[in-house]
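Encoded as structure tokens, the structure appears first; notes follow it.
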Amino acid sequence: TLASGEVISCGQLVNASGPRAARTAQLAGIDVPVEPRKRFSWVFSAQNPLDQDLPLTIDPSGVHVRENGGGTYQCGGHAAVDPAVDPDDFAMDHSLYESHVWPILATRIPQFEAIKVISEWAGHYAMNTLDHNAITGPHPEAGNFIFLNGFSGHGLQQSPAMGRGTAEWLTYGEYRSLDLTPFHYDRVVQDRPILEKAVI
């Protein structure tokens, strides 16, 4: 419903609004357990770069690092207290790097004792608070409201499969190559989580 009072309808709607998923669903009177959670990233150079490749390396604390190319590395993490935030909140927590991330990096990889931050930013995970996995498919009652939400940080890894499955659902009303029904919204209503434990 527009400010003018005009109502615009559609045949199908895909909620792919990332950390704003709950706000978008609420416009249709639907609750979805997705919250914006802040994540921080830093790109740095090392005074003594490693003499071998560094694949994604994850500390049990959730601090992670990988080779970025050109003699640089990218690391990330989040605060121990991890509340939902406003989806417009992109303020950096500069103390997090010095008090938490850098000490963990330097302990795990001693050559990272002498590093220099080149760039940094804050972003959001669209965190599915039920089970940290994607919510897909149609709403059980409003069948033309399609979910593609709550990837909890692994959306880039899953996006080709989820995109293909959603395109098939929109086109044919069924999945033809990938069965995504275990990730459908009805598991939220029925409280049937598919727990993902490897979330950083």
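Every value quoted in this text rests on a predicted model; they were computed, and no experiment measured them.
If you take CG on D191 and CG on L130, they are separated by 6.0 Å, rounding to the nearest 0.5 Å. Between the CG atom in L27 and the OG1 atom in T1 there is a gap of 9.5 Å [rounded to 0.5 Å]. In this structure, H78 NE2 and R39 CZ are separated by 4.0 Å, a value rounded to the nearest 0.5 Å. Distance check, rounded to the nearest 0.5 Å: CG of L105 to OG1 of T107 gives 9.0 Å.
Scanning both residues, T136 and L180, for their nearest heavy atoms gives OG1-O, 3.6 Å. Closest heavy-atom contact between F40 and L96: CD1-CD2, 3.4 Å. Contact record, F145 with A25: CZ-CA, 3.8 Å, taken as the closest heavy-atom pair. A126 and P19 get closest at one heavy-atom pair: CB-N, 3.7 Å. Listed here is the closest heavy atom pair of P138 and G143: CB-O, 3.4 Å.
Side chains of H139 and H184 form no contact here, defined as non-hydrogen atoms less than 4.5 Å apart. C75 has its side chain within reach of F44: a pair of non-hydrogen atoms, C-beta onward, lies under 4.5 Å apart. Within the 4.5 Å cutoff, the side chain of V188 has no heavy atoms near those of the V32 side chain.
Remark: E98 engages no residue in a side-chain hydrogen bond (donor to acceptor under 3.5 Å, both in side chains) (not counting sequence neighbours). Not counting sequence neighbours, the partners of N128 by the side-chain hydrogen bond (donor to acceptor under 3.5 Å, both in side chains) test are D131. By the side-chain hydrogen bond (donor to acceptor under 3.5 Å, both in side chains) test, T166 pairs with no residue at all, sequence neighbours left out.
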*Mind running salt bridge (charged side-chain N to carboxylate O under 4.0 Å, His left out) on R66 and D53 for me, showing each step along the way?*
CA-CA 9 Å; R66 66 172 175 79; D53 293 339; over 6 Å; no
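Just one residue in the list D59, V65, V63 forms a side chain to side chain contact (heavy atoms under 4.5 Å, CB included) with R108, and that residue is D59. Screening N149, D88, N15 for a side-chain hydrogen bond (donor to acceptor under 3.5 Å, both in side chains) with R20, the sole residue that qualifies is D88.
Side chain of K38 to backbone of D86: no donor-acceptor contact under 3.5 angstrom is found. For the pair S152 (side chain) and G150 (backbone), a donor-acceptor distance under 3.5 Å is present. When atom types are taken as modelled, the side chain of Q12 and the backbone of L170 share a donor-acceptor pair closer than 3.5 angstrom. Looking only at distances, no side-chain donor or acceptor of E120 sits under 3.5 Å from a matching main-chain atom of W42. Of the possible polar contacts, one joining the N144 side chain to the G11 backbone as a donor-acceptor pair under 3.5 Å is found. Panel note: side chain Q74, backbone N68; no donor-acceptor pair is recorded below 3.5 Å. Q111 places no side-chain N or O within donor-acceptor distance of the main-chain N or O of A46, the cut-off being under 3.5 Å. Looking only at distances, a side-chain donor or acceptor of R37 sits under 3.5 Å from a matching main-chain atom of D82. Side-chain atoms of H154 come within 3.5 Å of backbone N or O of F151 as a donor-acceptor pair. Under the 3.5 Å distance criterion, the side-chain polar atoms of T57 are matched with a main-chain donor or acceptor of P55.
Checked against a 6.0 Å centroid threshold, the rings of F112 and Y73 count as neighbours. Ring centroid separation for the pair F90 and W121 does not come in under the 6.0 Å cut-off.
Annotation: cation-pi geometry not satisfied between R187 and Y185 (NZ/CZ under 6.0 angstrom from ring centroid, within 45° of ring axis).
Using a 4.5 Å cut-off between side-chain heavy atoms of Ile, Leu, Val, Met, Phe, Trp and Tyr, with links allowed through other members, I115 and V43 fall into different hydrophobic clusters.
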